[in-house]
Amino acid sequence: MNRTEPASPDLIDAIRTIVGERGMLLGEDARARSCDPFRSVPVLGPAIVRPADTDEVARVLALCHARGQRVVTHGGRTGVAGGAIARADELVISLERMNAILDIDPIAMTATVEAGATLEAVQQAAEGQDLLYPIDLGAKGTATIGGTIATNAGGNRVIRWGMTRQNVLGLEAVLADGTIVSAMNRFLKNNTGYDIKQAFIGSEGTLGIVTKAVLRLTAMPCTQNVAFVSLPDYASVLGLLSRARRLPQLSAFEVMWQDYYHLVASHDPARRPVEPDQPFYAIVEAMGFDDDVDEAAFAEFLEKAFSEGLIADAVTARSQKQVKDLWQVRESSEILVREMGPFVPFDVSIDIARADAFAQATRTALSERFGDFRMVTLGHLGDSNIHVGVHIGPETAMREIEVEECVYGVVHAFEGALTAEHGIGQAKRAFLPRHVAPGALDMMHRLRDAMDEKHLLNRDVLF
Ligand SMILES: Cc1cc2nc3c(=O)[nH]c(=O)nc-3n(C[C@H](O)[C@H](O)[C@H](O)COP(=O)(O)OP(=O)(O)OC[C@H]3O[C@@H](n4cnc5c(N)ncnc54)[C@H](O)[C@@H]3O)c2cc1C
């Protein structure tokens, strides 16, 4: 693979004149940062550049472009596809100082924010005006708006409000050569030419650095009914999903296979709302605007599901604390990291009706290839998105590529999507050509060549 030389000291000096001392982290200060949320992957390049505004981003990129300097963009570094990993010859540009909430408009129901603002900060600012920014994920305290746009993040409430793409009205970005592209649309309807923002959403930082965004807000629901249920078989999971979809206020439908729930429930008694004696578990959530009506509809939904034998056991939340506790069972990545040892994570989309068949086929394929293994399965099933974690023993990390080949072979056989919401990053780039049609891949290459002909932005991401 082609490599450029590490950034020269005079380039670093020139960048310092743009961003000032506060805008630079050098040497050990830069290396102390990990580019990955779950393992230590230090920044190997000489500096982390921290511009204060769009103009500084543009001037730094123009300089890097003129010198052929590669750049990796950092948001909150919670991405799980290795998209933020920076090598010795790459400069990091971090949006961390560009974190202002510029405006919350309660009439238009929009938030205008800088890209380094965290998801949680935006949610809190919206909440202050009785509004909701509905993108929600476990890493919201650290993940940034820019990162969620770059990865087109999904999360827990996609079934109701869609992915990030559906919640961004406009954005501003800086191209590889320093050109500022302002597409800060505030309208729900705007067909004035190409919808430029869509090129950047999900582009994983390869087409430009997102610096600002206009986000679509929604009225803050005032009721939240949550149930944690166990189910006797996969047909019941599908039956419950079908019923839940008829709840007008359905906001989440998360499913955990027994392998996942058993692991979590046996390592934390507080995360054991029901006995771990069934093959499937689900969190069903409905958020609405009328206490009595919503509670009655949710209770009726659960009663019918019980009477039809879809549910084996159920616990409903009676307080905000209980809501949090039930969701905590689903958000147990730290238990997985601790108890599974090294594991290879997967984030795939599979036809909902065949998701359990996929899980079984994956287990069979892993068993044939590796003998002993451990696998956990869970996901945003209502969105056809399943997360799988696979551990094959102490050599898991060393044999990661073999595990990936094995599991992605099954994904391909099931005509699934290589990644549902985490993106390709650097971790899955070897598998991209097999999972997209040649014409689509060719167009991706053409788009990237047109926008960043030197491939200076996130060089090792995607392809
Ligand atoms: C505990 C946990 C739970 C998670 N749950 C979910 C989930 O439910 N759904 C989901 O979709 N993801 C989830 N994620 C993954 C992660 O939170 C998302 O991918 C998030 O969007 C990353 O945001 P970030 O600011 O941390 O981006 P980073 O990790 O810093 O960057 C991710 C990618 O985007 C690029 N990038 C970052 N900022 C910009 C910018 N301003 N302009 C251009 N490119 C940029 C980076 O170069 C990199 O390629 C989870 C992660 C963790 C650790």
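Atoms within each ligand, like the ligands themselves, are counted from 1 in listed order.
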May I ask you to say whether E331 pairs ionically with K140, meaning some side-chain N is under 4.0 Å from a carboxylate O?
-> no
Would you tell me which option among [options] has the nearest heavy-atom contact to [atom]?
atom	options	result
atom 34 (O) of ligand 1	A84, G425, A150, S203	A150
atom 39 (C) of ligand 1	T144, T211, T73	T73
atom 1 (C) of ligand 1	S333, A420, G141	S333

Does ligand 1 have an atom under 4.0 Å from some heavy atom of N458?
->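 Yes; N458 lies near enough to ligand 1 that a heavy-atom distance drops under 4.0 Å.
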Proximity flag G423 to ligand 1, non-hydrogen atoms under 4.0 Å = no
Verify the neighbour count for atom CD of E405: are there more than 12 heavy atoms of other residues, nucleotides or ligands below 6.0 Å?
-> yes
Ligand-residue contact atoms, ligand 1 with H380, heavy atoms, under 4.0 Å = 8 (O)
Do Q328 and D268 have a side chain donor and acceptor closer than 3.5 Å?
-> no
For residues 257-267, which residue pairs qualify under salt bridge (charged side-chain N to carboxylate O under 4.0 Å, His left out), counting only residues two or more places apart or in two chains?
->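 Qualifying pairs, neighbours excluded: D259-R363.
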What residues form a ring pair (Phe, Tyr, Trp, His ring centres under 6.0 Å) with F343, not counting sequence neighbours?
->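 Residues passing ring pair (Phe, Tyr, Trp, His ring centres under 6.0 Å) with F343: none at all.
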Residue, atom name and distance, where the atom is the protein heavy atom closest to atom 17 (O) of ligand 1 | T78 OG1, 2.8 Å
